[in-house]
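Notes follow once the structure below has been shown.
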Amino acid sequence: MVTGGRRLEGRLTVQGAKNSVLPLFCAALLTRDESMIEHVPALSDVDASLEILQALGCGVRRQNKTVTVDPRGLNDSGIPRVLTKKMRGSLTFLGALLAKTGKATIGLPGGCPLGQRPVDLHLSVLRQMGAHIRVTEDALICTAPRGLHGARIKLRFPSVGATENAVLAAVTAKGDTVIENAAAEPEIRDLCRYLNACGGRIKNSGSVIRVRGVSTLSGSRFAAMPDRMEAATYLMAAAATGGSLYLQHACPRDLTAVLAVLRQSGCQVGVIRDGIFLQAPERLTAPGKVKTAPHPGFPTDAGAPLSAMAAVANGETEIEETVFENRFSHLAALKARGAAVRQEGRRAIVRGVDRLHAADVTCTDLRGGAAMVIAALAANGCSVIGAIEHLDRGYTAIEQRFSSLGASIVRVRE
Ligand code: UD1
């Protein structure tokens, strides 16, 4: 329940990145001894991943923000659908399990409903490396009877998940792998760094990743990068309420496109090595045309929060979504608050209004849910937001963190 209309002011420390720790947990399967992953956020997607590791027989210890994964007990290569349907990130276990055990059976995964979300790139990558894959109605059944081998892979699209699977499969494969048109998202950089700290031989130059297969990996201690999507969400929320925010443990370099849009909207944005300061103007200016794109472009995950911010900016913002087919299911709920929004194919056109009003709405997906919260914080009156389990997948204690910035927001029911 959110009572809007208050400026957000204060400081926050950004959590470790969900989209980095999930592949790091998969990678920890590949090593011969324990790894310690630090800066692990408290999120339901993290809980789901740890549950999968335990179901596979791995030891998992969680102490505050540090998770120790011991892969020595690994005794299974199948992940049932009840576990994988909780999150799409579970697809990344495929490459790691195949590499480690020569087989992997995983229930077809869930995740946010953002369109078709096919798995062809994941399967093509693994097949090129020697995997045999059978797709049934609800599972992917993979074997690599003679082990995985290196390959020259050119991705049709720089898919984050398929790039992660390729790296995980390649790091202990026989021979060399080259991944062209690889995803250049910072979370992939984190994965490669961790694997190299474990003894991997990976050269990651962004869109091309070269991997020389090694025979074994040892465990290591690794701190996950800051969550750039959490950072973008809090910055946009502060901007939408005319507030000011200092974000600690943020990585400005990973947020260049987001910070550019905030500046175009009239915010003052200062950056120091691991911090970002934002001061919003009295009224935001619409940033104009923004097109989502793979990194270093404007991230698709920040499109929904931007639409909520644009709903109170002066002028018209056009957000073109180029990564997923359906990222606009939250727009109807924005309209319910009085936002002037229309959708034309893959474009959302948002004409800002002076003030949004309160409304009771339901989260449709993780980032669409974040847009709901931003809009409620910027609106007059009291809004109730339902289906907040979507938010808990990607934002730690969102109500406490917004409260600490002066918002009136409480969790009424789980
Ligand atoms: C990851 C992120 C997600 C982010 C997305 C894009 C995680 C856990 N999730 O998702 O937050 O929004 O990157 O930055 O890290 N595609 C295919 N075939 C495939 C795989 C993907 O056509 O086999 C398409 C998808 O349908 C989509 C596009 O490629 O249109 C991008 O998807 P991808 O980069 O794979 O996203 P995820 O890894 O699922």
Side-chain angles (χ1 to χ4, degrees), residues 16-27 41 43-46 48-49 52 84 86-95 106 108-128 131 133 135 140 142 153-169 179 181-191 207 224-225 227-233 254-255 257-258 291-306 320-329 346 365-371 390-391 393-395:
K18 163 177 94 79
N19 289 353
S20 172
V21 298
L22 302 184
L24 291 178
F25 290 152
C26 299
L43 298 171
S44 60
D45 268 9
V46 166
S49 293
I52 291 176
T84 58
K86 291 186 185 170
M87 60 158 197
R88 181 158 175 101
S90 52
L91 256 184
T92 317
F93 278 99
L94 212 52
I106 78 161
L108 279 173
C112 282
L114 309 178
Q116 279 194 357
R117 304 196 83 171
V119 295
D120 58 315
L121 294 171
H122 296 259
L123 304 190
S124 149
V125 158
L126 297 173
R127 282 188 174 123
Q128 289 176 69
I133 306 177
V135 185
L140 301 168
C142 316
I153 294 164
K154 185 163 187 172
L155 291 173
R156 158 175 67 74
F157 180 87
S159 153
V160 173
T163 303
E164 289 165 351
N165 259 326
V167 168
L168 289 164
I179 311 162
N181 200 26
E185 267 63 8
E187 291 76 12
I188 306 233
R189 182 188 68 210
D190 240 23
L191 175 65
S207 62
M225 60 177 273
D227 195 318
R228 59 199 174 100
M229 296 313 156
E230 191 198 34
T233 302
D254 293 343
L255 282 157
V258 168
K291 191 169 170 173
T292 68
H295 194 75
F298 187 87
T300 169
D301 285 18
L306 173 63
E320 183 179 347
E321 170 59 37
T322 70
V323 178
F324 287 101
E325 288 165 2
N326 174 19
R327 240 201 143 152
F328 292 137
S329 32
R346 287 195 165 197
D365 59 88
L366 170 58
R367 306 302 169 189
H390 287 293
L391 292 171
R393 288 185 41 220
Y395 296 96

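In this text, all values refer to a predicted model and were calculated from it rather than measured experimentally. Atoms within each ligand, like the ligands themselves, are counted from 1 in listed order. Throughout, numbering of the chain's residues begins at 1 and tracks the sequence.
Remark: ligand 1 and L121 share an N or O pair separated by less than 3.5 Å (distance only, no angle test). Considering backbone and side-chain N/O of T300, none are found under 3.5 Å from N/O of ligand 1. Residue-to-ligand polar distances place V323 within reach of ligand 1: an N/O pair is separated by less than 3.5 Å. Residue contacts with ligand 1: G161 is placed with a nitrogen or oxygen under 3.5 Å of a nitrogen or oxygen of the ligand (distance criterion only). On a distance-only criterion, D120 and ligand 1 share at least one N/O pair closer than 3.5 Å. Note: no N/O pair closer than 3.5 Å links E164 and ligand 1 by distance alone.
Counting only heavy atoms from C-beta outward, the side chains of T92 and L22 never approach each other to under 4.5 Å. Counting heavy atoms from C-beta outward, T300 and T322 have side chains that stay 4.5 Å or more apart. Side-chain atoms of R346 and E325, non-hydrogen and from C-beta on, do get closer than 4.5 Å to each other. The shortest distance between side-chain heavy atoms of E320 and T292 does not fall below 4.5 Å.
Partner S20 forms a side chain to side chain contact (heavy atoms under 4.5 Å, CB included) with one of E185, E187, R189 and no other, that one being E187.
For H295, the heavy-atom gap to ligand 1 stays at 4.0 angstrom or more. Heavy atoms of P118 approach ligand 1 to within less than 4.0 angstrom. Using a 4.0 Å heavy-atom cutoff, R393 is absent from the residues neighbouring ligand 1.
With a 4.0 Å cut-off on non-hydrogen atoms, R327 touches ligand 1 through its side chain and not its backbone. Residue R156 touches ligand 1 through its side chain alone, judged by heavy-atom distances below 4.0 Å.
Here the closest heavy-atom approach between residue A304 and residue R367 is recorded as CB-O, 3.4 Å.
Counting heavy atoms only, N19 comes closest to atom 2 (C) of ligand 1 of the residues V160, D45, N19.
Using a 4.0 Å cut-off between charged nitrogen and carboxylate oxygen, D45 and R393 count as a salt-bridge pair. Salt bridge D120/R156: present, at least one basic N to carboxylate O contact under 4.0 Å.
Using a 4.0 Å cut-off to heavy atoms of F157, the atoms of ligand 1 that qualify are 28 (C), 29 (O), 31 (C).
Looking only at distances, a side-chain donor or acceptor of N165 sits under 3.5 Å from a matching main-chain atom of L91.
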